Amino acid sequence: MSLLITGGTGYIGSHTVVELQALANEQDIVIVDDLSNSSTKVLDRIEKITAKTVTFIKADICDYEAMNEVFSLHSIDAVIHFAGHKAVGESSEKPLSYYYNNVSGTVILLKVMAAHNVKKLVFSSSATVYGDNTSPLNETMPTSATNPYGQTKLMIEHILFDLAKSDSDWSIACLRYFNPIGAHESGFIGENPNGIPNNLLPYVAQVAVGRLAQLQVFGDDYDTVDGTGVRDYIHVVDLAQGHVKALQNLDKISGCKAINLGTGNGTSVLEIVNTFKEISGQNIPYKIVPRRAGDLATVYADANLAHELLDWQATRDLHAMISDTWRWQSENPQGF
Ligand code: NAD
Ligand code: UD1
């Protein structure tokens, strides 16, 4: 049997493939990625870490025929679906590209899965679907979105809930990620954003390594420990292991279930900067600038459901998250 990983050469996908390869079962891994935000160099790095090969197919999930061929050639048992565009700012500039790639792409994938009677799915959702609810955020809260990227995640969740309601054979885990950071401890794979990073950690890492001059801290007048924004940062390897657990427990999930993957703890921007400075030994110049539009003061998970349902909990602390980010960034200053 094979497991299909869409978007498997991306940041979270590649770390998940490594964790899946560590399992002692005979499941083959098939990665489908169009390489729009990743490179085949990741495949060599995965092989270097795991000493196992994966099957890679360059294809767009929006291409029904290509996806149909993947399912015809490989005996796929279940799918972990990471493929999608993820930049919030870009999604407001190019909404059609986001709705097409993320929403239409997922519908096409689901149609192909249904046609081949493959009805087990783990989907990459996001804490962005909680809108402006007050933290800790739990899965029973009402959902909303404030930008096209967030809307695509919300629409896909609705589609998955409707699909599972229409056919009880489907088992779907909708994993709502908080803020994934860090890298594999080998330093061989990590986050490799194109252009100027939008997210805090890759930005700080590129300042530390000298690629960027100075961090802009978006606001120091929030009602938080030091006035800067607080988020629930989660080590990408913990997140990857959450996917393995979700897959292993899909049989326990009837229908579609939304599950948070976070630590339940919050860390401020300045706490991140100071810890990064301490671990890397580098100076991290920063300037306080006005708040970024759409940002919330504090966002962190209620992580209990994943513990109860999947027997999963994040185990890596902030020190590990930042040490691993720094190892990856300092050993690969220009990325892959
Ligand atoms: P990433 O960009 O590193 O990985 C996504 C991969 O999907 C890339 O390799 C890209 O080339 C591929 N891809 C995009 N569109 C495709 C298509 N049409 N067909 C085939 N491949 C396609 O992003 P990531 O950080 O690994 O995120 C993975 C998933 O998790 C995304 O769906 C993202 O929205 C979601 N997510 C990410 C975060 C985060 O902070 N990184 C947070 C919440 C949710
Ligand atoms: C962002 C996305 C969200 C997505 C999440 C995880 C926005 C508005 N939201 O959220 O949809 O699910 O990433 O990928 O983009 N910060 C700075 N300077 C920077 C960058 C960030 O001070 O250069 C601050 C932010 O104000 C925030 C914190 O750092 O307080 C984390 O920011 P970021 O990494 O962008 O994540 P989110 O805001 O949680």
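Counting starts at 1 for both ligands and their atoms, following the listed order. Quick note: numbers below take in every heavy atom, side chains included, and nothing from hydrogens, waters or symmetry partners. All values reported here derive from a predicted model rather than from experimental measurement.
At a heavy-atom cutoff of 4.0 Å, ligand 2 is contacted by the side chain of L215 but not by its backbone. The side chain of N179, and not its backbone, has at least one atom closer than 4.0 Å to an atom of ligand 2 (non-hydrogen atoms only; side chain from C-beta on). With a heavy-atom cut-off of 4.0 Å, Y11 does not touch ligand 2 at all. The proximity of N199 to ligand 2, defined as any non-hydrogen pair under 4.0 Å, involves the side chain as well as the backbone.
Looking only at side-chain heavy atoms (C-beta outward), Y286 and V204 stay at 4.5 Å or farther from each other. Looking at L247 and L20, their side chains come closer than 4.5 Å, going by heavy atoms from C-beta outward. Side-chain contact between T325 and F276 is present, with heavy atoms from C-beta onward closer than 4.5 Å. Inter-residue side-chain proximity for L261 and W312 is flagged as met; some heavy-atom pair is nearer than 4.5 Å. Taking the side chain as every heavy atom from C-beta outward, Y98 and E90 approach each other to under 4.5 Å.
Within ligand 2, counting atoms from 1 as listed, the ones closer than 4.0 Å to a heavy atom of D295 are 8 (C), 25 (C), 26 (O), 38 (O).
Taking the six-membered ring for Trp, Y177 and H243 have ring centres closer than 6.0 Å. For an aromatic pair to be called close, the ring centres must be under 6.0 Å apart, and W328 with F336 satisfies this.
With rounding to the nearest 0.5 angstrom, the CD atom of E157 is 6.5 Å from the OG1 atom of T143.
Among the atoms of R231, some N or O lies under 3.5 angstrom from an N or O of ligand 2. Taking distance alone, with nitrogen or oxygen atoms compared against 3.5 Å, L200 approaches ligand 2 more closely than that limit. Looking at ligand 2, you'll find an N or O of F218 within less than 3.5 Å of one of its N or O atoms.
The closest donor-acceptor contact from the side chain of D132 to the backbone of L296 lies at 3.5 Å or more, if one exists at all.
Closer than 4.0 angstrom to ligand 1 lie heavy atoms from G7, T9, G10, Y11, I12, D33, D34, L35, S36, N37, S38, A59, D60, I61, F82, A83, G84, K86, N101, S124, S125, S126, Y149, K153, Y177, P180.
The heavy atom nearest to atom 32 (O) of ligand 2, considering only R292, K86, R176, is found in R292. Across the listed options K153, Q216, Q214, Q216 owns the non-hydrogen atom lying nearest to atom 23 (O) of ligand 2.
Taking 4.0 Å as the cut-off, S126 counts as a neighbour of ligand 2 on heavy-atom distance.
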